Trainee: 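Handing you a structure now.
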Amino acid sequence: MDKIKILVVDDESRMRKLVHDFLAREGYEVLEAGDGEEALDIFYQQKDIALLVLDIMMPRINGFEVCREIRQTSKVPIIMLTAKGDERDELNGFDIGADEYISKPFSPKILVARVNALLRRANKLGKEAVISEAGGIVMDKTAHTVAIDGRNIELSVKEFELLDYFMSNQGIALTRERILDSVWSYDYFGDARTIDTHVKKLRSKMGAKGDYIKTVWGVGYKFEIQ
C-alpha cells in the first residue's frame, strides 16, 4: 500500500526535520519545501499529496499566498504554522481556507494528532454517500459540496464538518465543549475561540442562511430554521 504523502513547507531546515521525523514515525511519506514557490511546484507535480503543513512567514511566496492559490483548485487539508500570536493572522488563515492553525513553538505530538484527525475526517467524508437538506441548504457528503438555494458555496473541510454537525442537531443548544469534542475530536488541543472564528466565517459564507446558526448566550450555538 502506498504511503500517504504530506508536504511540509518551512524555510527553517531544523523545523522541517523535526516535523518530518515525527510524521515519518507515524508511517507517512513526508516531502519538504523550503519556500512557497518550491511548495507549489511540488504540489502540482505530485498530484496525490494528502495534506500540507504550511508555515506563514517564508521568502519568495508566503504561506497565505500558497494557501490561497491551492484553494483555487483543491480542498486538500492545510495546517498553517506561524511564530506570531496575532489573532489577525489566524483569522486571515481561516478566511483563505486553512483547516487548522498552530502557533510556534508547539508540541510535535500535538501536530501529529491534528494531522491524524484531519486525515481521518477527510477520508470519512470521502466514503459517506449522504445528502442532507434543511431550509434551502443541500449538503452532499460524497462530493463534499454545499448549495444554498441552488448556488454552490465554498467551504473548508472544518467549515463543512461544522455545518454538518449543526444540521444533524437541529434545534439543540450545543455547548462549545460539545462542538469541540464532536467536530475537532478529543485529540484537538485548542479553545473555544476556534469555534467562534469558524462560526463567524461559516455564517458569512452562508449569507442570509447564516441566521440559522443562532448564538445561545452562556451556552454555545443552535441551528434552528424558523
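Please read these numbers as outputs of a predicted model, since none were measured by experiment.
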Trainee: Determine, using the 4.5 Å side-chain heavy-atom cutoff (strictly less than), whether Val183 and Val216 are members of one ILVMFWY cluster.
Mentor: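 The answer is no; the residues belong to distinct hydrophobic clusters.
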Trainee: Test side chain to side chain contact (heavy atoms under 4.5 Å, CB included) on Leu174 and Tyr165 and set out the steps.
Mentor: CA-CA 10 Å; Leu174 303 167; Tyr165 186 64; 3.6 Å; yes
Trainee: I'd like to know if Lys17 and Asp21 make a salt bridge, using a cut-off of under 4.0 Å between side-chain N and carboxylate O.
Mentor: yes
Trainee: Heavy-atom distance under 4.5 Å between the side chains of Leu18 and Pro108, does that happen here?
Mentor: yes
Trainee: Hey, does Val199 have a side-chain heavy atom less than 4.5 Å from the side chain of Thr197?
Mentor: no
Trainee: Restricting to non-hydrogen atoms, name the atom on Lys209 and the atom on Ile148 that form the minimum distance, rounded to 0.1 Å.
Mentor: CG-CG2, 3.3 Å
Trainee: Quick one: closest heavy-atom pair of Gly63 and Leu54, and the distance?
Mentor: O-CD2, 3.3 Å
Trainee: Can you name the closest pair of heavy atoms from Ile153 and Lys205 and give their distance?
Mentor: CG2-O, 3.8 Å
Trainee: Between Arg114 and Glu100 (side chain of the first, backbone of the second, donor and acceptor by atom type, cut-off under 3.5 Å), is there such a pair?
Mentor: no
Trainee: What's the spacing between Cys67 SG and Asp99 CG if we round to 0.5 Å?
Mentor: 8.0 Å
Trainee: Any Lys/Arg nitrogen of Asp35 or Arg60 sitting under 4.0 Å from an Asp/Glu carboxylate oxygen of the other?
Mentor: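 Salt bridge: yes.
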Trainee: Are any side-chain N or O atoms of Glu69 and backbone N or O atoms of Glu65, one a donor and one an acceptor, separated by less than 3.5 Å?
Mentor: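 No, because the side chain of Glu69 does not come within donor-acceptor range (under 3.5 Å) of the backbone of Glu65.
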Trainee: Please examine the side chains of Ile56 and Leu81, heavy atoms only from C-beta on, and report whether any two atoms are closer than 4.5 Å.
Mentor: no
Trainee: Please check: side-chain N/O of Ser182 versus main-chain N/O of Arg178, any donor-acceptor pairing under 3.5 Å?
Mentor: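 Yes, Ser182 side chain to Arg178 backbone: donor-acceptor pair under 3.5 Å.
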Trainee: Does Val115 reach the side chain of Leu51, with side-chain heavy atoms less than 4.5 Å apart?
Mentor: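 Val115 vs Leu51: side chains touch.
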Trainee: When you measure from the side chain of Ser168 to the backbone of Asp164, do you find a donor-acceptor pair of N or O atoms at a distance under 3.5 Å?
Mentor: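 Present.
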Trainee: Side-chain contact, heavy-atom cut-off 4.5 Å: Phe22 with Lys109?
Mentor: yes
Trainee: Mark yes or no for whether Glu26, through its side chain, and Leu23, through its backbone, hold a donor-acceptor pair below 3.5 Å.
Mentor: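 Checked: no pair found.
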Trainee: Could you give me the CA-CA distance, side-chain angles and deciding distance for Val8 and Leu31, then say whether side chain to side chain contact (heavy atoms under 4.5 Å, CB included) is met?
Mentor: CA-CA 6 Å; Val8 177; Leu31 308 177; over 6 Å; no
Trainee: Supply the atom-to-atom distance Ile213 CD1 to Leu162 CG, rounded to the nearest 0.5 angstrom.
Mentor: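 Those atoms lie 6.5 Å apart.
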Trainee: With rounding to the nearest 0.5 Å, note down the distance linking CZ in Arg203 to CG in Asp211.
Mentor: 8.0 Å
Trainee: Can any side-chain N or O of Ser74 pair as donor or acceptor with the backbone N or O of Val76 at less than 3.5 Å?
Mentor: yes
Trainee: Judged by atom type as modelled, is there a donor-acceptor pair below 3.5 Å linking the side chain of Arg16 to the main-chain atoms of Glu32?
Mentor: no
Trainee: Would you please test Thr194 and Arg176 for side-chain hydrogen bond (donor to acceptor under 3.5 Å, both in side chains) and show each step?
Mentor: CA-CA 10 Å; Thr194 297; Arg176 289 174 173 81; over 6 Å; no
Trainee: Compare every heavy atom of Ile179 with every heavy atom of Phe166, then report the nearest pair and how far apart it is.
Mentor: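 Closest pair (atom of Phe166, atom of Ile179, distance): CE2-CD1, 4.0 Å.
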Trainee: Determine whether Val9 and Val66 make a side-chain contact, defined as any pair of heavy atoms from C-beta on separated by less than 4.5 Å.
Mentor: no
Trainee: Kindly indicate, with the supporting measurements, whether the criterion side chain to side chain contact (heavy atoms under 4.5 Å, CB included) is fulfilled by Val112 and Arg25.
Mentor: CA-CA 10 Å; Val112 170; Arg25 290 174 196 168; over 6 Å; no
Trainee: Search all heavy atoms of Ile137 against all heavy atoms of Met167 and return the closest pair with its distance.
Mentor: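 Closest heavy-atom pair between Ile137 and Met167: CG2-SD, 3.9 Å.
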Trainee: Could you give the distance from NZ (Lys201) to CD (Glu159), rounded to the nearest 0.5 Å?
Mentor: 8.0 Å
Trainee: Report yes if some heavy atom in the side chain of Val19 is under 4.5 Å from a heavy atom in the side chain of Phe106; otherwise report no.
Mentor: yes
Trainee: I need the Asp140 CG to His144 NE2 distance, nearest 0.5 Å.
Mentor: 10.5 Å
Trainee: Look only at the side chain of Tyr212 and the backbone of Gly135, and say whether a donor-acceptor pair between them is shorter than 3.5 Å.
Mentor: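 Indeed, once roles are kept as given, a pair shorter than 3.5 Å links the two residues.
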Trainee: Determine the minimum heavy-atom distance between Ala50 and Ile4, stating which atoms define it.
Mentor: CB-CG2, 3.4 Å
Trainee: With no hydrogens and no angle check, is any side-chain donor or acceptor of Arg68 less than 3.5 Å from a backbone partner on Arg71?
Mentor: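 Between the backbone of Arg71 and the side chain of Arg68 there is no qualifying donor-acceptor contact (under 3.5 Å).
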Trainee: Is the shortest distance from a Lys or Arg side-chain nitrogen in Lys104 or Asp10 to a carboxylate oxygen in the other one below 4.0 Å?
Mentor: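 A salt bridge links Lys104 with Asp10.
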Trainee: Are any of the side-chain nitrogens in Glu154 or Lys75 under 4.0 Å away from the carboxylate oxygens of its partner?
Mentor: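 Here Glu154 pairs with Lys75 in a salt bridge, since their nearest N and O are under 4.0 Å apart.
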Trainee: For residues 218-225, run the donor-acceptor check on the side chains, cut-off 3.5 Å, and write out each pair with its distance to 0.1 Å, sequence neighbours left out.
Mentor:
from	atom 1	to	atom 2	distance (Å)
Tyr221	OH	Asp196	OD1	2.6

Trainee: Given 3.5 Å as the limit, does a donor-acceptor pair link the side chain of Asn62 with the main chain of Met58, or not?
Mentor: no
Trainee: Checking Ile79 against Leu111 for the side chain to side chain contact (heavy atoms under 4.5 Å, CB included) test, could you report, in this order, the C-alpha distance in whole Å, the side-chain angles of both residues, the deciding distance, and whether it holds?
Mentor: CA-CA 9 Å; Ile79 297 176; Leu111 174 61; 4.2 Å; yes
Trainee: What's the spacing between Lys5 NZ and Ile49 CD1 if we round to 0.5 Å?
Mentor: 7.0 Å
